[in-house]
2 protein chains.
Amino acid sequence: MFSKSCEYAIKASIFIAQHRDGVTCVGVKEIAKGIQAPEYFVAKIIQELSRKKAINSIKGPNGGFCMSEAQMKKPILDIVVLMDGDGLVNNCILGLEHCSSDNPCPMHHEYQKIKQSMRNMLENNTVADFKSLVNLKKAVLNTN
Amino acid sequence: MFSKSCEYAIKASIFIAQHRDGVTCVGVKEIAKGIQAPEYFVAKIIQELSRKKAINSIKGPNGGFCMSEAQMKKPILDIVVLMDGDGLVNNCILGLEHCSSDNPCPMHHEYQKIKQSMRNMLENNTVADFKSLVNLKKAVLNTN
DNA sequence: ATAATAAAAGATATTAATGTCTTTTATAGT
DNA sequence: ACTATAAAAGACATTAATATCTTTTATTAT
(Lines give C-alpha, C1' and ligand atoms only; values in the text may rest on other atoms or scores of the structure.)
Protein backbone atom coordinates (compact mmCIF):
# COMPACT_ATOMS: atom_id res chain seq x y z
CA MET A 1 0.00 0.00 0.00
CA PHE A 2 2.26 2.78 1.29
CA SER A 3 6.04 2.55 1.21
CA LYS A 4 7.83 2.43 4.56
CA SER A 5 8.99 6.00 3.89
CA CYS A 6 5.41 7.08 3.47
CA GLU A 7 4.23 5.26 6.58
CA TYR A 8 6.93 6.94 8.60
CA ALA A 9 6.18 10.31 7.01
CA ILE A 10 2.51 10.10 7.94
CA LYS A 11 3.23 8.99 11.49
CA ALA A 12 5.97 11.59 11.92
CA SER A 13 3.67 14.36 10.67
CA ILE A 14 0.98 13.37 13.12
CA PHE A 15 3.54 13.10 15.90
CA ILE A 16 4.95 16.54 15.17
CA ALA A 17 1.48 18.05 14.96
CA GLN A 18 0.56 16.35 18.20
CA HIS A 19 3.52 17.86 20.04
CA ARG A 20 2.95 21.33 18.78
CA ASP A 21 2.31 23.70 21.65
CA GLY A 22 3.21 26.78 19.67
CA VAL A 23 6.51 27.21 21.44
CA THR A 24 8.87 24.27 21.34
CA CYS A 25 9.94 22.00 18.52
CA VAL A 26 10.38 18.27 18.63
CA GLY A 27 13.62 16.62 17.56
CA VAL A 28 14.37 13.66 15.35
CA LYS A 29 15.24 11.38 18.23
CA GLU A 30 11.96 11.95 20.00
CA ILE A 31 10.01 11.58 16.79
CA ALA A 32 11.74 8.32 15.90
CA LYS A 33 11.03 6.94 19.35
CA GLY A 34 7.45 8.17 19.29
CA ILE A 35 6.68 6.38 16.06
CA GLN A 36 8.99 3.40 16.62
CA ALA A 37 11.03 3.93 13.50
CA PRO A 38 14.77 3.95 12.79
CA GLU A 39 16.18 7.33 13.76
CA TYR A 40 18.47 8.04 10.83
CA PHE A 41 15.88 6.92 8.36
CA VAL A 42 13.24 9.11 9.93
CA ALA A 43 15.71 11.99 9.79
CA LYS A 44 16.01 11.61 6.03
CA ILE A 45 12.27 11.50 5.60
CA ILE A 46 11.37 14.52 7.68
CA GLN A 47 14.18 16.45 6.05
CA GLU A 48 12.42 15.79 2.79
CA LEU A 49 9.07 16.83 4.24
CA SER A 50 10.77 19.98 5.46
CA ARG A 51 12.37 20.72 2.08
CA LYS A 52 8.96 20.31 0.51
CA LYS A 53 7.35 22.66 3.06
CA ALA A 54 5.06 20.09 4.62
CA ILE A 55 6.68 20.77 7.99
CA ASN A 56 9.05 23.40 9.37
CA SER A 57 12.48 22.89 10.82
CA ILE A 58 14.70 24.96 13.08
CA LYS A 59 18.41 24.34 13.39
CA GLY A 60 20.59 24.65 16.43
CA PRO A 61 19.91 24.33 20.16
CA ASN A 62 16.23 23.95 20.99
CA GLY A 63 15.72 23.32 17.30
CA GLY A 64 13.65 20.59 15.76
CA PHE A 65 10.49 20.26 13.75
CA CYS A 66 7.07 21.79 13.99
CA MET A 67 3.99 22.52 11.93
CA SER A 68 1.87 25.59 11.34
CA GLU A 69 -1.90 25.47 11.59
CA ALA A 70 -2.01 25.69 7.81
CA GLN A 71 0.31 22.72 7.44
CA MET A 72 -1.72 20.70 9.90
CA LYS A 73 -4.86 21.38 7.92
CA LYS A 74 -3.47 19.82 4.78
CA PRO A 75 -5.01 16.49 3.78
CA ILE A 76 -2.98 13.38 4.42
CA LEU A 77 -3.02 12.84 0.67
CA ASP A 78 -0.46 15.64 0.39
CA ILE A 79 2.01 13.69 2.50
CA VAL A 80 1.32 10.52 0.57
CA VAL A 81 1.86 12.22 -2.77
CA LEU A 82 5.08 13.83 -1.56
CA MET A 83 6.50 10.45 -0.60
CA ASP A 84 4.96 7.93 -2.99
CA GLY A 85 3.54 10.01 -5.80
CA ASP A 86 -0.09 9.82 -6.88
CA GLY A 87 0.00 6.27 -8.22
CA LEU A 88 -2.16 4.89 -5.45
CA VAL A 89 -5.09 7.12 -6.34
CA ASN A 90 -4.45 7.30 -10.07
CA ASN A 91 -2.80 4.23 -11.50
CA CYS A 92 -4.24 1.02 -12.87
CA ILE A 93 -4.29 -1.76 -10.27
CA LEU A 94 -2.73 -4.10 -12.83
CA GLY A 95 -0.16 -1.56 -13.97
CA LEU A 96 -1.57 -0.94 -17.46
CA GLU A 97 -0.17 2.25 -18.93
CA HIS A 98 -3.48 3.30 -20.44
CA CYS A 99 -6.34 1.95 -18.39
CA SER A 100 -9.64 3.79 -18.46
CA SER A 101 -13.36 3.08 -18.63
CA ASP A 102 -12.93 3.15 -22.42
CA ASN A 103 -10.02 0.72 -22.40
CA PRO A 104 -10.20 -0.99 -19.04
CA CYS A 105 -8.13 -3.74 -17.49
CA PRO A 106 -10.22 -6.65 -16.21
CA MET A 107 -10.29 -5.26 -12.70
CA HIS A 108 -10.89 -1.64 -13.65
CA HIS A 109 -14.58 -1.31 -12.88
CA GLU A 110 -14.37 -3.26 -9.66
CA TYR A 111 -11.38 -1.24 -8.53
CA GLN A 112 -12.72 2.18 -9.45
CA LYS A 113 -14.96 2.44 -6.41
CA ILE A 114 -12.19 1.36 -4.09
CA LYS A 115 -9.70 3.77 -5.60
CA GLN A 116 -12.24 6.55 -5.28
CA SER A 117 -12.95 5.81 -1.64
CA MET A 118 -9.23 5.65 -0.98
CA ARG A 119 -8.86 9.05 -2.58
CA ASN A 120 -11.76 10.46 -0.60
CA MET A 121 -10.36 9.11 2.63
CA LEU A 122 -6.97 10.64 1.99
CA GLU A 123 -8.41 13.94 0.77
CA ASN A 124 -10.99 14.39 3.49
CA ASN A 125 -8.76 13.71 6.46
CA THR A 126 -6.11 16.14 7.56
CA VAL A 127 -3.05 15.73 9.70
CA ALA A 128 -4.95 17.72 12.34
CA ASP A 129 -7.84 15.26 12.25
CA PHE A 130 -5.58 12.33 13.03
CA LYS A 131 -3.58 14.34 15.53
CA SER A 132 -6.79 14.96 17.46
CA LEU A 133 -7.52 11.26 17.67
CA VAL A 134 -4.11 10.63 19.17
CA ASN A 135 -4.41 13.55 21.58
CA LEU A 136 -7.79 12.26 22.71
CA LYS A 137 -6.19 8.84 23.22
CA LYS A 138 -8.54 7.36 20.67
CA ALA A 139 -5.63 6.22 18.53
CA VAL A 140 -1.94 5.43 18.86
CA LEU A 141 1.17 5.85 16.75
CA ASN A 142 3.09 2.93 18.17
CA THR A 143 2.60 -0.43 19.77
CA ASN A 144 4.13 0.28 23.19
CA MET B 1 -0.70 -1.90 -4.08
CA PHE B 2 0.34 -5.17 -5.70
CA SER B 3 3.96 -6.11 -6.33
CA LYS B 4 5.02 -6.45 -9.97
CA SER B 5 5.17 -10.21 -9.42
CA CYS B 6 1.57 -10.18 -8.30
CA GLU B 7 0.42 -7.98 -11.20
CA TYR B 8 2.06 -10.36 -13.64
CA ALA B 9 0.65 -13.38 -11.82
CA ILE B 10 -2.90 -12.05 -12.05
CA LYS B 11 -2.57 -11.11 -15.70
CA ALA B 12 -0.88 -14.40 -16.55
CA SER B 13 -3.62 -16.38 -14.82
CA ILE B 14 -6.29 -14.55 -16.75
CA PHE B 15 -4.35 -15.00 -19.97
CA ILE B 16 -3.93 -18.72 -19.40
CA ALA B 17 -7.59 -19.11 -18.48
CA GLN B 18 -8.56 -17.14 -21.55
CA HIS B 19 -6.60 -19.42 -23.88
CA ARG B 20 -7.95 -22.59 -22.42
CA ASP B 21 -9.78 -24.61 -25.04
CA GLY B 22 -9.51 -27.86 -23.16
CA VAL B 23 -6.88 -29.21 -25.53
CA THR B 24 -3.77 -27.11 -25.97
CA CYS B 25 -1.56 -25.34 -23.47
CA VAL B 26 -0.05 -21.91 -23.79
CA GLY B 27 3.69 -21.36 -23.41
CA VAL B 28 5.69 -18.81 -21.47
CA LYS B 29 6.65 -16.82 -24.55
CA GLU B 30 3.08 -16.35 -25.63
CA ILE B 31 1.97 -15.48 -22.12
CA ALA B 32 4.73 -12.92 -21.67
CA LYS B 33 3.83 -11.30 -24.99
CA GLY B 34 0.15 -11.38 -24.19
CA ILE B 35 0.56 -9.54 -20.93
CA GLN B 36 3.52 -7.37 -22.01
CA ALA B 37 5.87 -8.57 -19.31
CA PRO B 38 9.49 -9.75 -19.33
CA GLU B 39 9.60 -13.36 -20.45
CA TYR B 40 12.08 -14.81 -17.97
CA PHE B 41 10.45 -13.05 -15.09
CA VAL B 42 7.03 -14.31 -16.07
CA ALA B 43 8.52 -17.78 -16.32
CA LYS B 44 9.60 -17.63 -12.69
CA ILE B 45 6.24 -16.40 -11.57
CA ILE B 46 4.10 -18.94 -13.36
CA GLN B 47 6.45 -21.67 -12.21
CA GLU B 48 5.62 -20.59 -8.70
CA LEU B 49 1.91 -20.55 -9.46
CA SER B 50 2.31 -24.03 -10.87
CA ARG B 51 4.23 -25.31 -7.85
CA LYS B 52 1.46 -23.94 -5.67
CA LYS B 53 -1.22 -25.61 -7.80
CA ALA B 54 -2.89 -22.42 -8.97
CA ILE B 55 -2.22 -23.48 -12.56
CA ASN B 56 -1.05 -26.67 -14.27
CA SER B 57 2.01 -27.17 -16.39
CA ILE B 58 3.02 -29.75 -18.94
CA LYS B 59 6.61 -30.27 -19.97
CA GLY B 60 7.99 -31.15 -23.36
CA PRO B 61 6.72 -30.57 -26.89
CA ASN B 62 3.24 -29.03 -27.03
CA GLY B 63 3.68 -28.39 -23.35
CA GLY B 64 2.84 -25.21 -21.52
CA PHE B 65 0.39 -23.98 -18.94
CA CYS B 66 -3.31 -24.41 -18.49
CA MET B 67 -6.01 -24.23 -15.84
CA SER B 68 -8.79 -26.54 -14.79
CA GLU B 69 -12.33 -25.28 -14.31
CA ALA B 70 -11.78 -25.55 -10.59
CA GLN B 71 -8.66 -23.44 -10.75
CA MET B 72 -10.41 -20.81 -12.85
CA LYS B 73 -13.18 -20.59 -10.30
CA LYS B 74 -10.79 -19.59 -7.51
CA PRO B 75 -11.06 -15.99 -6.36
CA ILE B 76 -8.33 -13.61 -7.47
CA LEU B 77 -7.51 -13.20 -3.79
CA ASP B 78 -5.91 -16.65 -3.91
CA ILE B 79 -3.41 -15.49 -6.51
CA VAL B 80 -2.74 -12.28 -4.58
CA VAL B 81 -2.10 -14.17 -1.35
CA LEU B 82 0.19 -16.65 -3.10
CA MET B 83 2.34 -13.82 -4.42
CA ASP B 84 2.12 -11.02 -1.85
CA GLY B 85 0.70 -12.67 1.24
CA ASP B 86 -2.42 -11.43 2.96
CA GLY B 87 -1.02 -8.11 4.17
CA LEU B 88 -3.14 -6.06 1.80
CA VAL B 89 -6.38 -7.35 3.30
CA ASN B 90 -5.16 -7.81 6.86
CA ASN B 91 -2.41 -5.42 7.85
CA CYS B 92 -2.53 -1.97 9.37
CA ILE B 93 -2.24 0.77 6.76
CA LEU B 94 0.42 2.45 8.92
CA GLY B 95 2.27 -0.78 9.61
CA LEU B 96 1.43 -1.06 13.32
CA GLU B 97 2.04 -4.56 14.59
CA HIS B 98 -1.08 -4.61 16.73
CA CYS B 99 -3.74 -2.39 15.22
CA SER B 100 -7.36 -3.18 15.97
CA SER B 101 -10.57 -1.39 16.81
CA ASP B 102 -9.50 -1.71 20.45
CA ASN B 103 -6.07 -0.26 19.83
CA PRO B 104 -6.33 1.55 16.51
CA CYS B 105 -3.86 3.59 14.52
CA PRO B 106 -5.19 7.03 13.58
CA MET B 107 -6.33 5.83 10.17
CA HIS B 108 -7.80 2.54 11.32
CA HIS B 109 -11.50 3.36 11.28
CA GLU B 110 -11.31 5.27 8.04
CA TYR B 111 -9.36 2.47 6.42
CA GLN B 112 -11.45 -0.42 7.66
CA LYS B 113 -14.21 0.08 5.10
CA ILE B 114 -11.73 0.35 2.28
CA LYS B 115 -9.84 -2.73 3.36
CA GLN B 116 -13.10 -4.61 3.60
CA SER B 117 -14.25 -3.58 0.14
CA MET B 118 -10.84 -4.52 -1.21
CA ARG B 119 -11.21 -7.93 0.38
CA ASN B 120 -14.72 -8.35 -0.95
CA MET B 121 -13.62 -7.37 -4.41
CA LEU B 122 -10.78 -9.88 -4.42
CA GLU B 123 -12.89 -12.63 -2.85
CA ASN B 124 -15.97 -12.20 -5.00
CA ASN B 125 -14.23 -12.13 -8.36
CA THR B 126 -12.69 -15.24 -9.86
CA VAL B 127 -10.12 -15.69 -12.56
CA ALA B 128 -12.98 -16.95 -14.72
CA ASP B 129 -14.94 -13.74 -14.16
CA PHE B 130 -12.10 -11.59 -15.45
CA LYS B 131 -11.29 -14.05 -18.21
CA SER B 132 -14.86 -13.63 -19.47
CA LEU B 133 -14.47 -9.87 -19.65
CA VAL B 134 -11.37 -10.26 -21.79
CA ASN B 135 -12.99 -12.87 -24.00
CA LEU B 136 -15.98 -10.58 -24.52
CA LYS B 137 -13.53 -7.81 -25.42
CA LYS B 138 -14.81 -5.76 -22.53
CA ALA B 139 -11.34 -5.61 -21.02
CA VAL B 140 -7.72 -5.95 -22.07
CA LEU B 141 -4.54 -7.35 -20.57
CA ASN B 142 -2.13 -5.11 -22.42
CA THR B 143 -1.90 -1.72 -24.02
CA ASN B 144 -1.29 -2.74 -27.66
C1' DA C 1 34.61 34.34 19.89
C1' DT C 2 33.63 29.78 21.55
C1' DA C 3 31.25 25.66 22.63
C1' DA C 4 27.24 23.00 22.32
C1' DT C 5 23.25 21.64 19.85
C1' DA C 6 20.52 19.95 16.17
C1' DA C 7 19.23 19.81 11.43
C1' DA C 8 21.13 19.35 6.42
C1' DA C 9 23.67 17.06 3.34
C1' DG C 10 26.34 13.56 1.59
C1' DA C 11 28.39 8.98 1.58
C1' DT C 12 28.02 4.20 2.40
C1' DA C 13 25.74 -0.36 3.53
C1' DT C 14 22.21 -3.72 3.41
C1' DT C 15 18.22 -5.96 1.80
C1' DA C 16 14.46 -7.03 -1.17
C1' DA C 17 12.41 -6.76 -5.64
C1' DT C 18 12.92 -7.16 -10.29
C1' DG C 19 14.98 -8.97 -14.29
C1' DT C 20 18.12 -12.15 -17.14
C1' DC C 21 20.75 -16.13 -18.50
C1' DT C 22 22.30 -21.06 -18.28
C1' DT C 23 21.80 -25.80 -17.17
C1' DT C 24 18.84 -29.64 -16.09
C1' DT C 25 14.76 -32.56 -16.42
C1' DA C 26 10.65 -34.45 -18.50
C1' DT C 27 8.11 -35.63 -22.55
C1' DA C 28 6.51 -36.20 -27.34
C1' DG C 29 7.40 -37.52 -31.91
C1' DT C 30 10.36 -39.60 -35.10
C1' DA D 1 17.34 -44.74 -28.98
C1' DC D 2 17.52 -40.02 -30.62
C1' DT D 3 16.16 -35.32 -31.27
C1' DA D 4 13.50 -31.40 -30.40
C1' DT D 5 10.70 -28.95 -27.28
C1' DA D 6 9.37 -26.63 -23.21
C1' DA D 7 9.13 -26.24 -18.31
C1' DA D 8 12.03 -26.52 -13.82
C1' DA D 9 15.69 -25.15 -11.36
C1' DG D 10 19.53 -22.63 -10.20
C1' DA D 11 22.83 -18.95 -10.77
C1' DC D 12 23.66 -14.29 -11.67
C1' DA D 13 22.75 -9.07 -12.45
C1' DT D 14 20.52 -4.83 -11.77
C1' DT D 15 17.78 -1.59 -9.48
C1' DA D 16 15.15 0.45 -5.87
C1' DA D 17 14.01 0.66 -1.08
C1' DT D 18 15.49 0.74 3.40
C1' DA D 19 18.86 1.76 6.81
C1' DT D 20 23.15 3.72 8.92
C1' DC D 21 27.08 6.68 9.62
C1' DT D 22 29.95 10.93 8.92
C1' DT D 23 30.69 15.66 7.83
C1' DT D 24 28.89 20.27 7.26
C1' DT D 25 26.01 24.22 8.31
C1' DA D 26 23.13 27.15 11.09
C1' DT D 27 21.85 28.77 15.53
C1' DT D 28 21.76 29.50 20.48
C1' DA D 29 23.80 30.43 24.82
C1' DT D 30 27.81 31.29 27.34
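Convention: sequence-line order gives letters A, B, ...; per-chain numbering from 1.
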Looking at B:Y40, I'd like to know whether one of its side-chain N or O atoms comes within less than 4.0 Å of OP1 or OP2 on C:dT22. no
Rounded to whole angstrom units, what separation is found between the NZ atom of B:K53 and the P atom of D:dA7? 17 Å
With hydrogens left out and only the distance checked, is there a donor-acceptor pair under 3.5 Å joining B:K4's side chain and the base of C:dT18? no
Looking at B:K11 and B:N142, would you say the former's side chain and the latter's main chain have a donor-acceptor pair under 3.5 Å? no
To the nearest Å, give me how far apart CD (A:Q36) and P (D:dA19) are. 13 Å
In whole angstroms, the gap separating C1' of C:dA7 from CD of A:E48 amounts to 15 Å
Check: B:T143 main-chain N/O paired with B:Q36 side-chain donor or acceptor under 3.5 Å: yes
Indicate, with a heavy-atom threshold strictly under 4.0 Å, whether A:I46 touches base, sugar-phosphate, or nothing. nothing
Under 4.0 Å from OP1 or OP2 of D:dA7: is there any side-chain N or O of B:S50 that close? no
Using the rule side-chain contact (heavy atoms from CB on, under 4.5 Å), only one of A:L49, A:I35, A:I46 pairs with A:S13; which is it? A:L49
What is the separation between atom CZ on B:F41 and atom C1' on D:dA11, rounded to the nearest whole Å? 16 Å
With no hydrogens and no angle check, do the side chains of A:S117 and A:N120 hold a donor and an acceptor under 3.5 Å apart? no
Given atom NZ of B:K29 and atom P of D:dT5, what is their separation to the nearest angstrom? 10 Å
Value in whole Å for how far the P atom of C:dA8 lies from CD1 of A:I58: 10 Å
D:dA17 phosphate, OP1 or OP2: any side-chain N/O from A:S5 under 4.0 angstrom? no
Separation of D:dC21 atom P from A:Q47 atom CD, nearest Å, is 16 Å
In whole Å, I'd like the distance from the CD1 atom of B:I45 to the C1' atom of D:dA9. 16 Å
Would you kindly compare A:K59 and A:P38 by the position of their nearest DNA chain D nucleotide and give the one closer to the 5′ end? A:P38
Considering only side-chain heavy atoms of A:S57, which listed nucleotide, C:dT20, D:dA8, C:dA7, is closest? C:dA7
Can you tell whether the side chains of A:K4 and A:E7 come within less than 4.0 Å, N to carboxylate O? yes
A:K44 near the nucleic acid: base, sugar-phosphate alone, or nothing, with a heavy-atom cut-off under 4.0 Å? base
Counting only side-chain nitrogens and oxygens, does B:R51 get under 4.0 Å of the OP1 or OP2 atom of D:dA7? no
Of A:C6 and A:P61, the one whose nearest nucleotide on DNA chain D sits closer to the 5' end is A:C6
